[in-house]
Structure formats: C-alpha cells, structure tokens
Amino acid sequence: MRSSLDVEYSAVGEGLGMREFWLYVWLRRLAVVAAHIMSLGLVILTSILSRPGTSLFSWHPVCMSLGFCLCMTQGILLFSADGSPFCFKSRKWKVRLHWFFQAVLLVCGATGFGFMVASKNKKEHPHFTSWHSLLGVATMASTVLQAICGFFLLFPKLISTHSFPRLRLYHATCGLVAYLLATITVISAMFSDWFQALVKGTIWYIFLLLPLFPALVVMNQITSAFLPKKKITS
C-alpha cells in the first residue's frame with residue numbers, strides 16, 4: 001500500500017525561481033539539522049541542571065527530556081528527506097527505527113512519571129496541582145493513544161483494509177497533538193520555581209527556543225506530508 005508520506009506533488013515552494021527554490025531547499029535542510037542538534041542539546045543541558053542521582057526528582061527532568069525532547073523528535077524527523085541522517089534508509093528500516101524511538105519514549109515517560117510520583121509521596125506533597133503536571137498527564141495520554149494507532153499500523157491484518165489510510169492520518173494527527181502538548185509541557189516546566197532558580201536572564205530565553213524550534217520543524221513536516229496533494233497534469 002502506498003504511503004501517505006510518498007508525496008506526488010506539494011504546493012510548498014510552488015512559483016519560486018530556480019535560485020529561490022534551491023535556497024528554500026537548503027534552508028529546510030538546515031532547519032532539520034538544527035532541530036536534531038537542539039533536541040540533543042536540550043537533553044544534555046537538562047541533565048547538567050538536574051544532576052541525576054542527587055534526589056528522586058532529579059531523574060524526572062532527565063527521563064522526560066530524553067523521551068519527549070530527543071526520542072519523540074528523532075522518531076518523527078527520521079522520515080524527513082531534508083537533512084535527516086536516516087534519509088538514505090528504506091522506509092521499512094525507518095518504520096522499525098521509529099518504533100524503537102517511540103518504545104524508548106514510552107519507557108522514559110513512564111519512568112519519569114514514576115520518579116515524580118515517588119518524589120511527591122516522599123515529601124508528602126499533593127499531586128497534579130500545577131498546570132505543568134496536568135499538561136504532562138494530557139501529553140502521556142495522547143502519546144499512548146498515538147502508540148495504539150501505530151500498533152495497528154504495524155500489524156495491518158488486525159484492521160480492515162479500508163480503515164488503513166484513515167488510521168494512518170489519525171496516527172499522524174495524534175502524534176502532532178502529542179508533540180505539541182509535549183512542547184507546551186516542557187515550556188511550562190521552565191516557569192517552575194525549580195527551573196527559574198537555576199536558569200535566569202538571557203540563558204532562560206535560549207532554553208525557551210530549544211523546544212520551540214524543533215516543534216515548528218516537526219509541525220511543518222507533518223502538515224506538509226498529510227495536506228491534500230494534487231498530481232501534476234500535462
């Protein structure tokens with residue numbers, strides 16, 4: 001069955017001259033490369049700030065950033081032809097790698113959630129009293145939902161043939177919602193007392209850009225792949 005990501009024609013870049021077109025292509029590639037670097041950089045910086053092992057809570061930001069900032073981003077961007085290190089691999093290989101990243105994401109998310117609950121129980125603090133925690137629950141729920149859609153796509157014999165294209169669209173849409181929720185959750189964490197006590201001034205605004213830019217790249221990739229396409233007619 002033909003993949004929805006195999007684009008026959010896209011209106012993006014239509015009407016550009018040859019020089020503008022290649023400039024546009026290179027800017028897209030630079031944006032994808034930058035998204036890869038930023039997602040990795042955010043995990044490294046978060047790990048440095050958290051100092052994992054110093055407390056139960058210290059593992060929460062590490063696990064969540066590793067799962068949602070790195071694995072989730074890489075699992076989507078590997079399907080991009082614009083600067084992804086996996087662009088020369090077959091689609092079957094990319095799907096397997098996508099599932100690996102998503103599996104690690106779910107493990108990291110569950111582990112980070114567990115450390116947060118354990119930390120609050122130890123300190124006898126109430127649960128789910130902040131916007132960050134509520135957004136985190138919504139993010140986890142949407143991530144599990146898109147994983148269920150992905151499971152049926154991985155084993156298409158479990159569903160009817162007519163439902164396959166629609167389920168692929170649902171999977172992409174739910175994945176985009178989950179990614180945007182994850183981005184908002186990460187940004188909300190930057191307004192927490194813990195984070196603002198460690199990061200102040202200009203550095204705080206740099207941190208703010210680290211999850212935002214990959215989110216824009218991911219959103220552009222998914223919407224460009226799943227917007228209605230039209231064939232070129234002679």
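Of all non-hydrogen atoms in Pro52 and Ser47, the two that sit nearest each other are CD-O, 3.2 Å. Taking all atoms of both residues into account, the shortest heavy-atom contact from Ser39 to Pro214 is N-CG, 4.5 Å. Met64 and Phe113 make their closest contact through CE-N, 3.4 Å (heavy atoms, listed as atom of the first residue, atom of the second, distance). Nearest heavy atoms, Cys69 versus Val43: CB-CG2, 4.3 Å. Scanning both residues, Ser80 and Val32, for their nearest heavy atoms gives OG-CG2, 3.8 Å. Across every non-hydrogen atom of Trp99 and Ala147, the tightest pair is CH2-O, 3.8 Å.
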Donor-acceptor list for residues 172-182 side chains, cut-off 3.5 Å, not counting sequence neighbours:
residue: Thr173; atom: OG1; partner: Leu169; partner atom: O; Å: 2.8
residue: Tyr179; atom: OH; partner: Thr73; partner atom: OG1; Å: 2.7

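Side-chain N or O atoms of Thr54 include one that pairs as donor or acceptor with a backbone N or O of Arg51 at under 3.5 Å. With hydrogens and angles ignored, the 3.5 Å screen pairs a side-chain donor or acceptor of Ser133 with a backbone N or O of Ser130. Without hydrogens or angle criteria, Trp204 side chain to Met190 main chain gives a donor-acceptor distance under 3.5 Å. Using a distance-only test at 3.5 Å, with no hydrogens or angles considered, a donor-acceptor pair links the side chain of His171 to the main chain of Gln146. No side-chain donor-acceptor contact under 3.5 Å links His132 to the backbone of Ser188. Between the side chain of Gln74 and the backbone N or O of Cys71, no donor-acceptor pair lies under 3.5 Å. His60 places a side-chain N or O within donor-acceptor distance of the main-chain N or O of Gly112, the cut-off being under 3.5 Å.
Tracing side-chain contacts under 4.5 Å through hydrophobic residues (I, L, V, M, F, W, Y), one reaches Val199 starting from Leu212; they form part of the same cluster. One hydrophobic cluster, built from ILVMFWY side chains closer than 4.5 Å, holds both Phe151 and Val95. Linking ILVMFWY side-chain heavy atoms closer than 4.5 Å, directly or via other members, places Leu216 and Ile76 in a single hydrophobic cluster. The hydrophobic clustering, which links ILVMFWY residues whose side-chain heavy atoms are closer than 4.5 Å, places Met219 and Leu105 together. Hydrophobic clustering keeps Met72 apart from Ile184 (ILVMFWY residues linked when any side-chain heavy atoms are closer than 4.5 Å, directly or through intermediates).
Interatomic distance, Phe79 CZ to Ile222 CD1, rounded to the nearest 0.5 Å: 10.5 Å. The CD atom of Gln102 sits 12.0 Å away from atom CG of Leu154, with the distance rounded to the nearest 0.5 Å. Atoms CG and OG1, on Leu135 and Thr183 in that order, are 11.5 Å from each other to the nearest 0.5 Å. Taking OG1 of Thr202 as the reference point, atom CZ of Phe207 lies at 13.0 Å (rounded to 0.5 Å). Taking CZ of Phe152 as the start and CG of Leu158 as the end, the distance is 6.0 Å to the nearest 0.5 Å. Atom OG1 of residue Thr185 and atom CE of residue Met140 lie 11.0 Å apart, to the nearest 0.5 angstrom.
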Working for ring pair (Phe, Tyr, Trp, His ring centres under 6.0 Å), residues Phe57 and Trp194: CA-CA 10 Å; Phe57 172 79; Trp194 170 79; 5.4 Å; yes
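Side-chain contact annotation: Ser50 with Ser58, donor-acceptor N/O pair under 3.5 Å absent.
Within the 4.5 Å cutoff, side-chain heavy atoms of Leu210 are placed close to those of Leu45. For the pair Pro211/Leu42, a side-chain contact is recorded, criterion being any heavy-atom separation below 4.5 Å from C-beta on. Proximity of Leu70 to Phe101: side-chain heavy atoms (C-beta onward) are nowhere separated by under 4.5 Å.
In this structure Lys123 satisfies the side-chain contact (heavy atoms from CB on, under 4.5 Å) test together with Ser119, His125, sequence neighbours excluded.
Annotation for Phe213: atom CZ counts as buried by contact number, over 12 foreign heavy atoms lying within 6.0 Å.
For the pair Arg29 and Trp26, the distance from NZ or CZ to the six-membered ring centre is under 6.0 Å and the angle to the ring normal is within 45 degrees.
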